[in-house]
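A short write-up of the structure that comes next.
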Amino acid sequence: MTNIEARKRARKDIRQSLTDAGLVEGITLTDAQLAEETRTCYWHGVVRNEKAKAKDNYLTYYIPTSDVVSRADNQAFLREVAIAIDVFSKRSFDSENNIKLLEDLENQFIKDGYELEFADEFFESETSLFHYPITIFKIY
């Protein structure tokens with residue numbers, strides 16, 4: 001599988017997984033809808049704009065790597081795609097709502113066949129947001 005094809009499939013799959021976990025794609029919302037949306041929104045790429053920061057929680061994702069794990073006839077046959085997920089919140093991830101958000105994400109990712117790596121949360125003083133990094137992996 002080509003690098004581009006693996007990344008296209010991974011982007012489609014992660015959007016579906018995040019939606020199935022109860023999140024909403026922020027780019028699809030108008031400014032008014034975004035202001036009223038109570039579910040956690042997600043965006044591809046690093047979206048650090050004022051609209052995202054106004055939300056209690058939001059999530060961004062991007063694909064840092066798509067490494068070949070198997071070759072056949074000198075061609076890439078399987079690729080492991082890594083998806084970096086950054087969850088941001090105005091509250092610590094020890095809060096009940098954020099624990100539920102992380103559990104919902106983990107359950108959905110496992111159901112959808114991803115391997116997961118969780119890092120520890122940290123507080124970003126420049127944004128005044130708590131940040132919880134997650135990396136998920138899937139073979140395409």
Side-chain angles (χ1 to χ4, degrees):
M1 173 172 298
T2 67
N3 188 20
I4 296 300
E5 184 60 31
R7 287 172 176 263
K8 279 176 39 179
R9 288 183 56 192
R11 278 192 66 184
K12 178 179 174 260
D13 288 352
I14 190 61
R15 286 194 311 265
Q16 187 63 56
S17 292
L18 293 170
T19 300
D20 290 348
L23 284 68
V24 64
E25 192 167 14
I27 195 128
T28 64
L29 303 176
T30 65
D31 288 348
Q33 290 171 322
L34 183 59
E36 293 193 15
E37 183 59 63
T38 58
R39 295 173 292 176
T40 299
C41 295
Y42 67 89
W43 284 269
H44 176 257
V46 180
V47 179
R48 294 262 181 144
N49 63 31
E50 295 307 312
K51 294 173 191 172
K53 285 197 268 184
K55 307 302 288 175
D56 285 343
N57 296 323
Y58 71 92
L59 181 149
T60 63
Y61 70 92
Y62 67 97
I63 300 171
T65 63
S66 56
D67 297 329
V68 175
V69 294
S70 181
R71 292 187 177 276
D73 294 329
N74 225 12
Q75 302 260 343
F77 181 65
L78 296 174
R79 290 183 178 270
E80 180 180 60
V81 177
I83 302 170
I85 296 171
D86 295 295
V87 186
F88 298 95
S89 181
K90 293 180 180 179
R91 295 181 307 275
S92 167
F93 286 93
D94 291 332
S95 69
E96 188 175 322
N97 286 344
N98 283 346
I99 289 171
K100 176 157 180 15
L101 172 62
L102 294 175
E103 287 173 343
D104 290 348
L105 289 170
E106 181 176 20
N107 291 336
Q108 189 64 52
F109 293 148
I110 289 169
K111 178 182 171 195
D112 292 343
Y114 293 97
E115 296 291 327
L116 293 86
E117 286 182 9
F118 285 86
D120 202 6
E121 78 173 289
F122 58 93
F123 183 75
E124 294 183 350
S125 56
E126 69 276 4
T127 63
S128 296
L129 293 172
F130 291 90
H131 179 179
Y132 199 101
I134 305 167
T135 305
I136 60 175
F137 304 89
K138 193 170 189 179
I139 305 257
Y140 290 92

(request) Find the distance between NZ (Lys8) and OG (Ser66) and round it off to the nearest 0.5 Å. (result) 13.5 Å
(message) Assigning hydrophobic clusters by single linkage (Ile, Leu, Val, Met, Phe, Trp, Tyr; side-chain heavy-atom cutoff under 4.5 Å), is Phe137 placed with Ile14?
(response) no
(request) For Arg9 and Lys138, run side chain to side chain contact (heavy atoms under 4.5 Å, CB included): C-alpha distance rounded to whole Å, both residues' side-chain angles, the deciding distance at 0.1 Å, then the answer. (result) CA-CA 10 Å; Arg9 288 183 56 192; Lys138 193 170 189 179; over 6 Å; no
(request) Find the distance between CG (Leu23) and CG (Leu18) and round it off to the nearest 0.5 Å. (result) 5.5 Å
(request) Determine whether Arg7 and Tyr140 make a side-chain contact, defined as any pair of heavy atoms from C-beta on separated by less than 4.5 Å. (result) no
(message) Donor-acceptor check, side chain of Gln33 to backbone of Thr30, threshold 3.5 angstrom: yes or no?
(response) yes
(message) Please check: side-chain N/O of Lys55 versus main-chain N/O of Leu34, any donor-acceptor pairing under 3.5 Å?
(response) yes
(request) Please answer whether the main-chain N or O of Ile139 pairs with a side-chain N or O of Arg79 as donor and acceptor at a distance below 3.5 Å. (result) no
(message) Quick one: does any side-chain atom of Lys100 pair with a main-chain N or O of Ser95 as donor and acceptor, under 3.5 Å?
(response) no
(message) I'd like to know if Ile110 and Phe118 are part of one continuous hydrophobic network [Ile/Leu/Val/Met/Phe/Trp/Tyr, side-chain heavy atoms within less than 4.5 Å].
(response) yes
(request) Evaluate the criterion side chain to side chain donor-acceptor pair (under 3.5 Å) for residue pair Gln16 and Thr19; output intermediate values, then yes/no. (result) CA-CA 5 Å; Gln16 187 63 56; Thr19 300; 5.5 Å; no
(request) With side chain to side chain donor-acceptor pair (under 3.5 Å) as the test, would you mind laying out the steps for Asp112 and Gln108 before giving the verdict? (result) CA-CA 6 Å; Asp112 292 343; Gln108 189 64 52; 3.0 Å; yes
(message) Are the side chains of Ile85 and Leu59 in contact, using a 4.5 Å heavy-atom criterion?
(response) yes
(request) State, without any angle test, whether Glu124 and Thr127 hold a side-chain donor-acceptor pair at a distance under 3.5 Å. (result) yes
(request) Given ring pair (Phe, Tyr, Trp, His ring centres under 6.0 Å), test Tyr61 with His44 step by step and report yes or no. (result) CA-CA 5 Å; Tyr61 70 92; His44 176 257; 5.1 Å; yes
(message) Measuring only between side-chain heavy atoms, which start at C-beta, is Tyr62 closer than 4.5 Å to Thr60?
(response) no
(message) Contact between Asp86 and His131 at the side-chain level, heavy atoms closer than 4.5 Å - yes or no?
(response) yes
(message) I'd like to check Ser92 versus Glu121 (side-chain heavy atoms, cut-off strictly below 4.5 Å). Are they in contact?
(response) yes
(request) From the options Tyr58, Phe122, Phe93, select the one residue that forms a ring pair (Phe, Tyr, Trp, His ring centres under 6.0 Å) with Tyr132. (result) Phe93
(message) Using the side chain to side chain donor-acceptor pair (under 3.5 Å) definition, which of the options Asn57, Thr40, Asp56 pairs with Asn98?
(response) Asn57
(message) As an exercise, state the distance from CG of Leu29 to CD of Glu37, rounded to the nearest 0.5 Å.
(response) 6.0 Å
(request) Can you see which heavy atom on Pro64 is nearest to which on Ala84, and at what distance? (result) CD-N, 3.8 Å
(message) Could you measure the distance from the OH atom of Tyr114 to the OG atom of Ser17? Nearest 0.5 Å is fine.
(response) 4.0 Å
(message) Less than 4.5 Å apart, side chain to side chain, heavy atoms only: is that true for Tyr42 and Ile27?
(response) no
(message) Measuring only between side-chain heavy atoms, which start at C-beta, is Leu116 closer than 4.5 Å to Leu105?
(response) no
(request) May I ask whether Met1 and Ile83 are part of the same hydrophobic cluster, defined by side-chain heavy atoms of I, L, V, M, F, W, Y residues being less than 4.5 angstrom apart, directly or through others? (result) yes
(message) What's the separation between atom CZ in Arg91 and atom CZ in Phe88, rounded to the nearest 0.5 Å?
(response) 15.5 Å
(message) Once rounded to the nearest 0.5 Å, what's the spacing between atom CG of Leu129 and atom CZ of Phe123?
(response) 7.5 Å
(message) Has Thr2 got a side-chain atom pairing as donor or acceptor with Glu5's backbone, closer than 3.5 angstrom?
(response) yes
